[in-house]
Structure formats: C-alpha cells, structure tokens
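Okay, structure first, notes after.
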There are 2 protein chains.
Amino acid sequence: MENKPVTLKLIAKELKLSISTVSKSLKDYPRIKESTKQRVKELAARLNFTPDVSALRLRDRKSRIIGIILPNLSDHFFTRSIYGMEQLATTHGYNIIISQSHDNYEMEVMAAAALLGSRVDGLIVAISKQTADFAHLDRFEKIGIPVVYYTRNPSFNLNCHKVLSNTHQGCYMATEYLINRGHKKVAYLGGPKMVNFSHDRFSGYINALKDNNVAFNAAHVAYTDFDEENNLMAIKNLFNDYENSPTALVAFKEKLLFDTLRFLKSVDHPAYQSLECIGFGNDPIIAYLSSSPIASIEENPELLGEQAVSLVVKLINGEIDVNAYKKVIVNCNLKVHEAS
Amino acid sequence: MENKPVTLKLIAKELKLSISTVSKSLKDYPRIKESTKQRVKELAARLNFTPDVSALRLRDRKSRIIGIILPNLSDHFFTRSIYGMEQLATTHGYNIIISQSHDNYEMEVMAAAALLGSRVDGLIVAISKQTADFAHLDRFEKIGIPVVYYTRNPSFNLNCHKVLSNTHQGCYMATEYLINRGHKKVAYLGGPKMVNFSHDRFSGYINALKDNNVAFNAAHVAYTDFDEENNLMAIKNLFNDYENSPTALVAFKEKLLFDTLRFLKSVDHPAYQSLECIGFGNDPIIAYLSSSPIASIEENPELLGEQAVSLVVKLINGEIDVNAYKKVIVNCNLKVHEAS
DNA sequence: TTGAAAGCGGTACCAT
DNA sequence: ATGGTACCGCTTTCAA
C-alpha cells in the first residue's frame, strides 16, 4: 500500500540512475546499455509506472485532446455520435473530453471555458438551443483552435466549419415516399422555428410537394419546441379539422409521431387507422408499438461523428486552411418498416 | 487572429511586470498595488486568459478529477447516473472524465490506464460484463487512489467500496405486489446467471414468495443474457406449458417484458390478455404501448450517481478510512402505472 | 510593492 | 553509456 504516484524520479532513485537515463531507457534510446534498459523497464512495469499526462502536455504544448460540447446524453443521436467520434479520435491518437450543456447557454459557456483551460487542440460543438451569442466559441478560433459546428448550427452563420446531416434530403425523401403511396394531404410537424437548427427540413418537405405537383396547404404545417404541452397543441392544430385532416405526416422527431398516434387514438379520430407517418429517428421501440410509423428517416450519427473528428483533425494538422470554411453534409436513409 | 495560448508570461511581458506579480494580481494578493491589479485584470480579461489546467495539476499534484468508467452510454441508467455524478462532483470542485468500456475487458483496462495517467483523484467504475480480473483496478488502490464500484460488482468481492441499488428489495416489492393482486403463478426472468451483478434480485423474488406462502415453481424461473435470441428462448421456456402458464412476471429488464408481451400476442397465447408484469426501468415509452407493464421498479440513477461521488470524495479527503469498506445501498421505488 | 527562484514530471539537447 | 540542465505554465516563499 504505497501512497505516491510513481514518477521517473522515484525509479531513478531506486535504481541509482539519473532521471534522464530512466526516461531514455523507457523510450528505447539507442545508446543506453541493454542491461540498464531491462532493469528500468522491469521496475517500471512492476510499479505500474504511467507517465503523467499533465507533464507531457505542458511540455509538448499539445494536449491531443478534442473537446466535445453536446446538449445532453439522453438523446441517442448524441451518444451514438460520441461512439463515432471516439473511434476515429483514437485512431488519430486523440482523446476526447465530453461536456454537456443541458441545452443551457450558461453551462455551454462554462464548458467552453473549461475546455479552453484544458488546452484542447480542437473543438466540436452542438450548440444549445439558447445559444445566440458565439463569443465563447469564437474565442477558440481567435487563438488558433479550430471549431467544428456539429448538427445544430445557426443558418445565418456561414463563416464556420460545419458537419450536418442532410435533413433537407431526408424530409424530401420521406415526403415523396408518402406522395408516391398516394397521399395528397401530407402534413409537416416541425421543430423550433426561430433557430434554424441544421439543414432545412421544411424546404425538403416543400420541394417534394412542388416537384410532385401536390398543393401546399398552410393548415397542414405546424411547429413545436421540445415541450410536451406545445407538442400536443401543434398536433391538435394539424388534426382539428376533421373534414380536411391530413392522411400522412412527416415530423422532425419520431416521438412526435408516437404522440400524434396516441392522441388520435384517444379521441377516436377518423384518421387514426389510416394515417401514415414518418419521422427522424428509427427508435427500436417501434417494433413494440401497435400503431407505428411506416418508415423512419435515419440519420447516421456514428458516421456524422466521424466526419466531425476527421474535419477537426485536418484543421488541427493544417491540412485544411482554417479560413476555407467547410460544410460536410451526410445524407439520410429512408428505412421502411415491415408491416406489423 | 493570434496564435498562441495566453499565458502569464505573455501578460507580464505586455505589462512589463514579472510573472509572479501578474499571478498575484489575478489572485488578489493583498500587497499588490490596486492600480497594478486593475491593469493586469483588465488585460487578462481582454485576452481571455485561462490558466492552463495541466500546469495547475502538475503543481498541485492534485487533479481534482474523478474518473468514471461505464460500460456504455446507450443505457439510460448510466447517462442518468452521469447527471447525478456531474452535479455533485461540481459542487465539490471536481471534474469528471467519462470513459466507456463498451462492456469489453480490454477497453476497460485501457481506460483505466488512461485515467491513471490523468492522475485522477478517485475512480468510480461499473465493471464490464467480461471483467473477472481486477488487477487494473486494484492498481489504483495500491497507490492510494480510492475506487468505488458502481452498480455492477462481483458479489464475491467483499473488500471494496460499493454503491448499489437495492435490487433485492425492488424484486421483493414487485413480487409481493403481484401476489397481493391475487397471483399465485408469478414467474421470474433473470439476467446473466454466472456473474452476480449487483444485489441479488432473485433472492428478493424468492423471499417474497416465501413470506407470502406462495409455492416456488422451478419451471417459472428462467435466465437470459443480453442477447436477443436467448431472450426469446427464455420467454418461450416460461410460457410453453399452456396449462401451467404464469399469470404474472417479474423481469430484470423492462425490455424483456416488451418482448414477452409481443411474443405472447404473436402466438395468441391465452395468457396474453391477463398477464401482469413488472420489470426494472420505467421507460417513458410505456405510455405508448398498447399492452404494457402494470408497474415499474424504478432505480434512482441520479441519486445513485451522487452517492458514488459523495463516497469517493469522502475517501479522497480521508473522511472515511479507505480500509473500512463501505456498501451504500439505495432502495428502489415501485411505480404503478395508470390503467391505460 | 515587486521580483527571483524553486519545483511539480517529463523530454531532449549537450556534456562528459 | 550516462548525467546535467533547461524548459513547459503556474504558485508561493523569500528576498529586495
């Protein structure tokens, strides 16, 4: 039961060698006597010597850390993203530090400050829904730390590197798929309207209508934030006109479809049995639902995460000019569910 | 567009002061002239000076980091745990580093090594399901870094600090609840049998039967790992005898109940309509299911996470003797669902 | 009121 | 083949 971390100094003293000889032995420097190397390595292994990363970072002025700021870990999209990021970061010799903003601006600012203190070599950030001021993030770029905006990014901000899934294409596919199944009344249930998170979903919907000569109906579009009450209100708005009720629905989150179906069932809405709907997600729970979406727009969070790491690493290495703003877009898949 | 991180040295040069004066100014040392302090603080703020944490850690020989190793982030139990850990760690002035083992032994060993290099002040670990050798974790305790085993812990290892939810009590409550509703044939569907993760669920089930004078029937007990195929097999085993089919079921994971209900429905099993079941979880998705558990055994991951941090911090501070092994048990709640 | 210097752990250049 | 030393950024004691 020792009590102090094992350092080179300790090993040196034990073996009556200098610190530099110990260091060189462990790194297999050529001009160290073989027998010395053996003695050092043996003791180091026995004591479980692990170099102090703080010391290494201080010396190298390189942390080999990529900072990640995400809204939360409850959303599977983000935890799956982390998996992809972790994988690719490791192959490039980087570690990641994960911070959650909990969709709160102040926490995001604090997380950014902490990562700055950790001297991360690069930053990947999915901004909180409150974020309107970007000073805390611009700070990184000012001192030469590349920032990649992930998934959520304000549309007005063109001067940044971004990695997004192609929600435009996703919505287009879904809408067209429903139209091709004969639907003329395809509704759209969108996310927070003000902040234009990610690529434009709504325009995918609209374009699919137009390209397929289906009339647009303003009554068939509603928006909601992530609040339960508002979700229900939006749903009611879409379906309150029984005469002219939608027969199909595209929603920006699958959960909204579950809510919709439950609501329609609860009020015995005539559209309940026949409504065909598609949303972003593909939650495995769909297999357990009695009435469920006919398809899902699948994003590829792992791939998206890898793309973000790949981009930020290239920026760190100077393989891409920091001022040549990149926009990486990953397409979605339409996953059609087997009839249950 | 600068390019180097802001250091005390930079500020000192800019202001023609010594590094130590700058440092003291920022920390409001009493004997620095007020006007000097102002000049320093003003420039530091303007340049967004953030102390390099690596330098601080090196100097303090304290990282103020708690390392966390978890199997994965897909399980909401763990992400909710992280929330509690994060909260309490912050109030104690600690940061956390999260590592995933992906339930893989080698990855767990690597994560442990990395955390050792980060000189974490304490470690909280939910071991992978492969972990049988604990050398990589014992290493921490050997050099005086306290380790707290979280949720998953091998029952044979008594000489360790642990924080667990009281799955015995949870299963007991659930079983008794079903018995009190008149069930005589309460089945039990358990997890991996060999590795005794966490407090004993099965004994909770058995004790509830005994205390309520309900006969134990070996045919009403089955086990499965986390594998889909085996899940189905275990379910079939429980329900293949139509004559003597269980009328109620307690399962170690709620998802198994979903699988069970789906299976019974698919084969038109006579027990389908009447089966009352309870499992660990309380997934919000229950609200959307047509046939669903009548209650859930709720663990309290946030509280459990807080308890783990609280314990590890006390161990770090020497408020608890490292050799006086603590076992913290958090009770479960039985959450009865409204009839749908 | 300010500054110089040592030291935290490690690396690498320069001596010997 | 090995050791001495400077340095990374920061704090703190001691000296001026």
Side-chain angles (χ1 to χ4, degrees), chain A residues 2-41 43-44 47-65 114 116-121 143, chain B residues 2-41 43-44 47-65 113-114 116-121 143 145:
Chain A
E2 315 223 356
N3 230 337
K4 290 292 117 204
V6 183
T7 63
L8 292 186
K9 188 195 273 187
L10 183 79
I11 297 178
K13 197 166 65 181
E14 204 77 16
L15 260 35
K16 303 204 192 311
L17 288 170
S18 76
I19 293 174
S20 53
T21 303
V22 172
S23 173
K24 288 172 192 163
S25 297
L26 290 173
K27 314 205 90 191
D28 264 328
Y29 266 54
R31 8 229 300 197
I32 303 291
K33 207 189 345 180
E34 203 50 49
S35 66
T36 309
K37 283 189 194 172
Q38 289 316 315
R39 289 202 305 144
V40 170
K41 286 182 180 173
L43 183 60
L47 299 178
N48 282 306
F49 169 74
T50 320
D52 186 319
V53 293
S54 290
L56 294 176
R57 281 174 193 158
L58 196 54
R59 178 163 213 294
D60 298 348
R61 302 150 70 70
K62 275 279 265 172
S63 65
R64 300 207 72 83
I65 294 176
L116 213 45
S118 294
R119 299 290 187 267
V120 294
D121 294 331
I143 57 174
Chain B
E2 315 224 356
N3 230 337
K4 289 291 115 202
V6 183
T7 64
L8 293 185
K9 189 197 274 189
L10 182 80
I11 297 178
K13 197 167 65 181
E14 204 76 15
L15 260 38
K16 302 203 193 311
L17 288 170
S18 75
I19 294 173
S20 55
T21 303
V22 173
S23 171
K24 289 172 190 164
S25 297
L26 290 173
K27 314 205 89 191
D28 263 329
Y29 267 55
R31 6 238 291 208
I32 302 291
K33 207 190 343 181
E34 202 52 46
S35 64
T36 308
K37 285 190 195 173
Q38 288 317 314
R39 288 204 305 145
V40 171
K41 286 182 180 173
L43 183 60
L47 298 180
N48 282 306
F49 169 75
T50 320
D52 185 319
V53 293
S54 290
L56 293 176
R57 282 173 192 158
L58 196 56
R59 179 164 210 293
D60 297 349
R61 300 150 69 68
K62 275 280 264 171
S63 65
R64 299 207 74 84
I65 293 176
L116 213 44
S118 294
R119 298 291 187 266
V120 295
D121 295 330
I143 58 173
I145 302 173

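Heavy atoms only: backbone and side chains are in, while hydrogens, waters and symmetry mates are out. Protein chains get the first letters and strands the later ones, always in sequence-line order, with residue 1 at the start of each.
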| said: Nearest 0.5 Å, please: how far is OG in A:Ser54 from CD1 in B:Ile65? | reply: 7.0 Å
| query | Do B:Ile145 and B:Leu116 come within less than 4.5 Å of each other through their side chains, counting heavy atoms only? | reply | yes
| Counting only distance, no hydrogens or angles, is the base of D:dG4 paired donor-acceptor with the side chain of A:Ser18 under 3.5 Å? | no
| request: Give one of base, sugar-phosphate or nothing for A:Ile19, where a contact means two heavy atoms less than 4.0 Å apart. | output: base
| Residues two or more places apart in sequence or in another chain: which of them pass side chain to side chain donor-acceptor pair (under 3.5 Å) with B:Asn48? | A:Arg139
| note | Nearest heavy-atom contact between A:Phe49 and A:Val6 is CD1-O, 3.4 Å
| note | To the nearest 0.5 Å, atom CG of A:Leu58 lies from atom CZ of B:Arg57 at 12.0 Å
| task | Using the test side chain to side chain contact (heavy atoms under 4.5 Å, CB included), find all partners of B:Arg59 that sit at least two apart in sequence or belong to another chain. | result | none
| query | Hey, does B:Ser20 reach any base, or is it just sugar-phosphate, or nothing, if we go heavy atoms under 4.0 Å? | reply | base
| Results of salt bridge (Lys or Arg N to Asp or Glu O under 4.0 Å) for A:Arg119 - residues two or more places apart only | B:Asp52
N/O donor to acceptor pairs below 3.5 angstrom from side-chain atoms of residues 29-37 of chain B, sequence neighbours left out:
unit_1  : atom_1 : unit_2  : atom_2 : d
B:Glu34 : OE2    : B:Gln38 : NE2    : 3.3
B:Lys37 : NZ     : B:Tyr29 : O      : 3.0

| query | Starting at CZ of B:Arg61 and ending at C1' of D:dC10, how long is that distance when rounded to a whole Å? | reply | 15 Å
| query | How would you give the extent of chain B contacts on DNA chain C, as first and last nucleotide 5' to 3' within a 4.0 Å heavy-atom cut-off? | reply | C:dT1 to C:dG10
| task | Tell me which residues in residues 49-60 of chain A put a heavy atom below 4.0 Å from DNA chain D, sorted by number, or none. | result | A:Leu58, A:Arg59
| remark: Nearest heavy-atom contact between B:Ser63 and B:Ser118 is CB-O, 3.8 Å
| query | What salt bridge (charged side-chain N to carboxylate O under 4.0 Å, His left out) pairs are there with at least one residue in residues 7-21 of chain B, not counting sequence neighbours? | reply | none
| query | Closest heavy-atom contact between B:Ser23 and B:Leu8? | reply | CB-CD1, 3.8 Å
| task | Can you sort out which residues in residues 33-40 of chain B have a heavy atom within less than 4.0 Å of DNA chain D? Ascending by number, please. | result | none
| task | Can you sort out the partners of B:Arg64 under side chain to side chain contact (heavy atoms under 4.5 Å, CB included), two or more places apart, ordered by chain and number? | result | B:Lys62, B:Tyr94, B:Asp121
| said: Let me test you: for the helix from C:dT1-D:dA16 to C:dT16-D:dA1, what is the angle between the axes at its two ends (five pairs each), rounded to 10 degrees? | reply: 60°
| What is the minimum heavy-atom distance between B:Ala44 and B:Leu26, and which atoms define it? | CB-CD2, 3.8 Å
| request: State the CG-CG distance between A:Leu47 and A:Leu43, to the nearest 0.5 angstrom. | output: 4.0 Å
| field | Value in whole Å for how far the P atom of D:dG9 lies from CD1 of B:Ile11 | value | 12 Å
| task | Could you tell me the separation between the NZ atom of B:Lys13 and the C1' atom of D:dG9, rounded to a whole number of Å? | result | 15 Å
| Those residues that, when tested against A:Ser20, pass side chain to side chain donor-acceptor pair (under 3.5 Å) (two or more places apart) | A:Ser18
| Residue-level proximity of residues 21-31 of chain A to DNA chain C when a heavy atom falls under 4.0 Å | A:Ser23, A:Lys24, A:Lys27, A:Tyr29
